[in-house]
Amino acid sequence: MVTTLNTAASLPEAMPATHRAELLRSLVSLASAAANPQLEAYAPRLAAALLLQSEQSADSKLANLSFNAANLLKKNAYPFYFLVSGRLLAVLQQAMRGLDHAAGGMREHDGDLSLVSYEEIESRVLLGNLCRPLAEKHAGQLNALGMRLAFLTGREEMAPAEHPFRPELFVQAIDEAWREFNPDQDSYSLLLPLLGLDLLPDLSPILKGVNDALIAKGILPQLPSSFQIRKTAANRELPRAVSSDPALLQQLRSLLSAPGAMSGGAPLAAQAPAAGAGQAMHSLPVARPQLFDYLAGLQKAMFERHVADDGTGTAPSMALLGNIKRQTPPGALSAVDENTIDLLGTVFDVIFRDQHIAPEIKSLIGFLQVPVLKAALLDKEFFFDHAHPARRMIDVLAKASVGWDEKEGARDPLFQALKRNVERVQREFDQQVSVFSDVVSDLEAFIRDDEAAEVGGLAAPIDSALRQEKLGQARRAAQTEVALRIGSGEVVAFVETFLENRWVPVLTIAYARAESQPQAVSSALKTMDDLIWSVKPKITLEQRKELIAKLPSMLAMLNKWLNLVEWDDSDRLQFFAELAECHASIVRAPVNLSPERQLELALEVAQKAAERRLEKQAAAKPEPPPDEFVEQLAQLHSGMWLEFAQPDGSQKKVKLAWVSPMRSLYIFTTRDRQESFSISDLDLAQAFRQHGASVVPLAGLLDRALTQALEDMGANDAQHQAVALA
């Protein structure tokens with residue numbers, strides 16, 4: 001879609017070209033900084049996807065490529081992050097320069113494929129197909145940003161191919177970094193087909209940050225009304241989620257589209273046809289006066305009794321829905337209505353039996369039985385749509401209940417928020433489902449603010465964890481760089497020992513400082529490579545002259561870096577003495593060797609290197625393959641609750657408050673926030689493995705309850721059929 005804007009009557013006073021260029025450059029820096037937190041966590045997620053592909057692939061070559069690529073990413077997550085971050089900044093800068101240079105004049109036509117190779121055309125098509133869902137997901141923000149950038153640069157419109165923050169650029173940066181990072185060209189093609197929405201960057205915070213920056217500069221604070229209309233229409237087109245089990249889905253459709261007429265001859269509310277397995281059932285929101293008058297009266301009486309008891313009275317009975325079915329005026333219920341009540345009764349029964357929900361929260365959920373029944377009778381999408389407001393409210397209540405501080409009781413702010421919103425539904429809900437939406441939004445906003453305050457209180461441990469993780473990633477990157485060089489077996493023994501024991505700390509510091517001092521890593525790597533080169537045999541006179549010329553600067557850089565890690569003991573003197581003797585022996589060796597003798601020396605060196613390489617490979621311990629418990633860590637996210645087994649046999653519930661960008665550290669807090677602790681990914685996986693930790697299963701509670709209800713009803717039908725046939 002082309003983003004258009006009529007600027008004829010609304011263009012501001014012309015911004016000087018230098019100011020505009022500076023503003024555009026600042027937007028790129030802002031977007032890059034907003035993307036970096038996601039990119040830091042990208043390598044582990046991509047490695048997990050590659051491992052999964054390796055396990056599921058029937059093609060042995062693809063499985064091996066994926067496995068090797070995953071291991072490479074796991075060992076080099078930090079270098080990959082720096083490559084992606086750098087490529088993204090460069091790609092965005094190039095796109096923005098093109099936008100600024102073309103402002104008001106002729107623009108490049110990115111879509112012109114006349115002089116492009118077939119391979120590049122194929123790559124562009126793949127990239128376009130891949131990014132289309134991402135563009136659709138963020139269409140509103142992309143269009144808004146496109147309008148503002150068009151306005152800033154004097155355009156009447158901005159085509160998708162011109163947008164300097166289009167999704168293709170983010171994916172392109174990741175792909176280019178992958179090709180630079182992976183030495184195996186056969187693995188280049190692994191990345192793009194693997195990417196789905198779950199592995200693509202979340203552009204929301206990036207686009208929001210850039211839009212907000214332009215608004216702060218006075219660039220279209222209010223967008224044209226046509227944009228708001230398009231945005232609303234796009235939201236209406238979002239797909240609904242339905243059950244993924246075809247058998248249960250068909251059973252549910254059958255229950256909610258039972259043929260027949262209502263008692264007393266009143267027509268059954270119109271039902272949509274039961275179409276394909278992925279299509280949800282719809283019912284017209286027809287309010288049947290007799291049934292809904294009865295339910296409205298019951299809801300009002302329950303609320304008045306609740307208010308009279310000051311909110312502390314007995315909760316509605318778990319048998320409430322069953323009683324409604326029996327006590328509803330004759331002729332008010334259709335067969336579908338009865339099935340709806342039976343389904344909801346079983347669903348609430350499953351919820352009330354859940355041991356993870358506190359009794360006080362179950363009482364609050366109990367007050368929702370009549371409003372939720374009315375919502376389900378009005379719209380059968382309640383049973384198919386996971387995002388239905390009434391369903392979401394029950395799920396929010398259930399998940400939030402674990403965070404309730406029972407010691408505070410009714411005084412706990414969370415409990416007060418839950419109670420206040422349940423009472424609002426009791427008081428206000430008639431036939432407008434928007435009440436549930438408002439309540440869910442209020443509860444989710446309260447929980448978000450509460451979690452933000454919780455994270456704010458963890459500033460010190462989070463800062464410490466971030467430093468610890470970055471240092472760990474830097475150390476692993478340093479170890480990998482050294483291992484790549486000594487793995488060949490060609491490095492002499494004393495230099496190999498020096499690199500493993502003394503140069504890894506040097507490289508660790510260099511990688512840790514890479515953000516503020518980008519040249520540090522390249523300097524430390526070059527010094528290491530120069531050292532390795534200096535101790536290799538120099539057969540020709542030219543090679544020895546080169547060695548003598550390079551020695552002063554190389555030794556100076558070695559000493560500079562070693563001073564930084566404060567290596568000042570006698571071992572340092574011993575190392576430089578051995579190094580000097582090695583260099584002297586290289587220089588003193590005979591020069592004019594015959595070609596035959598040169599070949600013999602080269603073969604001797606190669607044989608010794610091969611022997612050392614085999615020895616190192618034999619001594620190396622293979623890394624254990626990831627198991628289901630390691631993969632389980634990838635599913636954890638902040639806000640989840642876990643149970644940890646205690647020495648006395650009890651279970652302690654704690655909340656996952658924060659996950660580090662590389663997912664190597666997890667910070668948990670107790671309900672009262674009086675205690676917090678961090679645990680590494682390895683230790684947490686081991687706790688899962690030994691059944692010392694488990695996730696409190698509250699997410700999607702209503703969906704599981706509905707599945708259980710359908711299975712129970714199916715089992716009961718089978719039993720009745722067996723009895724009838726007996």
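The figures that follow rest on heavy atoms only: side chains count, while hydrogens, waters and symmetry mates do not.
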Between the side chain of Trp178 and the main-chain N/O of Ser187, is any donor-acceptor distance below 3.5 Å? yes
Verdict with supporting geometry, Glu444 and Arg392, salt bridge (charged side-chain N to carboxylate O under 4.0 Å, His left out): CA-CA 10 Å; Glu444 290 179 337; Arg392 287 176 59 205; 3.1 Å; yes
Check: His388 and Val433 side chains under 4.5 Å, non-hydrogen atoms: yes
Spacing of Leu72 atom CG and Asp184 atom CG [to the nearest 0.5 Å]: 9.5 Å
In sequence, state the C-alpha distance, the side-chain angles, and the governing distance for Val372 and Ile394, and then conclude on side chain to side chain contact (heavy atoms under 4.5 Å, CB included). CA-CA 9 Å; Val372 169; Ile394 295 176; 4.0 Å; yes
Just one of Tyr188, Tyr42, Phe80, Tyr81 clears the ring pair (Phe, Tyr, Trp, His ring centres under 6.0 Å) bar with Phe181, so which one? Phe80
Is a donor on one side and an acceptor on the other found under 3.5 Å between the side chain of Arg663 and the backbone of Leu633? yes
Heavy-atom distance under 4.5 Å between the side chains of Arg148 and Val210, does that happen here? no
Do Lys399 and Ile447 have side chains that approach each other closer than 4.5 Å (heavy atoms only, starting at C-beta)? no
Answer with yes or no whether the side chains of Gln473 and Glu469 bring together a donor and an acceptor at under 3.5 Å. no
Non-hydrogen side-chain atoms of Leu636 and Leu656 separated by less than 4.5 Å: yes
Could you give me the CA-CA distance, side-chain angles and deciding distance for Leu397 and Val422, then say whether side chain to side chain contact (heavy atoms under 4.5 Å, CB included) is met? CA-CA 9 Å; Leu397 285 171; Val422 167; 4.0 Å; yes
With a 4.5 Å limit on heavy-atom distance, are the side chains of Asp450 and Leu414 in contact? no
I'd like to know if the side chain of Gln38 and the backbone of Asp202 have a donor-acceptor N/O pair within less than 3.5 Å. yes
Approximate separation, where rounding is to 0.5 Å, of Leu207 CG and Asp212 CG: 10.5 Å
Do the side chain of Ser464 and the main chain of Ala460 share a donor and acceptor less than 3.5 angstrom apart? no
Taken to the nearest 0.5 Å, the spacing of Arg424 CZ from Leu443 CG works out to 10.0 Å
Contact summary for Pro371 and Phe429, nearest pair of heavy atoms: O-CE2, 3.2 Å
Between atom OG of Ser29 and atom CD of Gln93, what is the distance when rounded to the nearest 0.5 Å? 7.0 Å
Sole candidate of Val439, Val396, Val435 that passes side chain to side chain contact (heavy atoms under 4.5 Å, CB included) when paired with Asn421: Val439
Does Glu428 reach the side chain of Asp438, with side-chain heavy atoms less than 4.5 Å apart? no
Can you confirm whether more than 12 heavy atoms, excluding those of Gln94, are under 6.0 Å from its CD atom? no
Start with the C-alpha distance between Leu256 and Phe384, add both sets of side-chain angles, then the distance that settles side chain to side chain contact (heavy atoms under 4.5 Å, CB included), and finish with yes or no. CA-CA 11 Å; Leu256 299 178; Phe384 298 93; 3.9 Å; yes
Can you tell me how far apart CD (Gln141) and CZ (Phe165) are? Round to the nearest 0.5 Å. 12.5 Å
Determine whether Phe436 and Arg391 satisfy the following criterion, side chain to side chain contact (heavy atoms under 4.5 Å, CB included), listing intermediate values before the conclusion. CA-CA 9 Å; Phe436 283 103; Arg391 286 183 65 156; over 6 Å; no
Here the pair of heavy atoms bringing Ala465 nearest to Leu665 is O-CD1, 3.4 Å
Got more than 12 heavy atoms from elsewhere within 6.0 Å of CD, Gln519? yes
I'd like to check Leu27 versus Pro164 (side-chain heavy atoms, cut-off strictly below 4.5 Å). Are they in contact? no
Gap separating the CG atom of Leu149 from the CG atom of Asn211, nearest 0.5 angstrom: 8.0 Å
Less than 4.5 Å apart, any side-chain heavy atom of Leu466 and any of Trp658? yes
